[in-house]
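Scope of the values below: all heavy atoms of this structure, side chains included, with no hydrogens, waters or symmetry mates.
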Amino acid sequence: QVQLVESGGGLVQAGGSLRLSCAASGRTFSSSAMGWFRQAPGKEREFVAAISWAGLITFYKDFVKGRFTIPRDNAQNTGFLQMNSLKSEDTADYYCAAGRMTSHNSRDYANWGQGTQVTVSS
């Protein structure tokens, strides 16, 4: 079991940057894939990015390619979502998740954080 806590959300102007963190506790984080998902008001949760346990494989949704990266530091049991060139449509609650598979499907992730809010003003 992995417990996850996100932080780093907030209010930022369009074009700005934010770095979300996902602090994990539990012995299996370093062997778990990690994903980031987001949910905007009135919309379903959607995949943003994922990274394999060793960091060798990454997936990005098309709308964040070239703007977001998903590094991780297994020694610190922490994952990140670096968000650059933010747009108003990036406004959402962002969730990190850990699971066995590097996947875009939320069902492949058994452990979830509580979410952190990101608001991008235009």
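Heavy atoms only, all atoms of each residue included: R67 and L86 are closest at NH1-CA, 3.9 Å.
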Apply salt bridge (charged side-chain N to carboxylate O under 4.0 Å, His left out) to the pair D62 and K65, showing each step before the final yes or no.
CA-CA 5 Å; D62 286 346; K65 283 182 180 177; 3.2 Å; yes
Does the pair F63 and E46 meet the rule for a side-chain contact (heavy atoms from CB on, under 4.5 Å), with working shown?
CA-CA 11 Å; F63 53 70; E46 62 180 355; 3.6 Å; yes
Evaluation steps, side-chain contact (heavy atoms from CB on, under 4.5 Å), between Q114 and V5:
CA-CA 7 Å; Q114 84 291 346; V5 178; 4.1 Å; yes
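Ring-plane geometry between F37 and F47 is classed as perpendicular, the angle between the planes exceeding 60 degrees on a 0 to 90 degree scale with a lower cut at 30.
With contacts defined as side-chain heavy-atom distances shorter than 4.5 Å, the pair T69/Y60 qualifies. In this structure, F29 and N74 have side chains that are in contact, with non-hydrogen atoms separated by less than 4.5 Å.
For the residue pair Q3 / S25, a side-chain donor-acceptor distance below 3.5 Å is found, with atom types taken as modelled.
Stacking of R19 on the aromatic ring of F80 is recorded, both the 6.0 Å distance cut-off and the 45° axial limit being met.
E6 contributes a side-chain N or O that, together with a main-chain N or O of C96, makes up a donor-acceptor pair within less than 3.5 Å. Counting only distance, with no hydrogens or angles, the side chain of S103 and the backbone of M101 share no donor-acceptor pair below 3.5 Å. Counting only distance, with no hydrogens or angles, the side chain of R72 and the backbone of S52 share a donor-acceptor pair below 3.5 Å. The closest donor-acceptor contact from the side chain of T91 to the backbone of V120 lies under 3.5 Å.
Other residues, nucleotides and ligands contribute only 12 or fewer heavy atoms inside 6.0 Å of the CH2 atom of W53.
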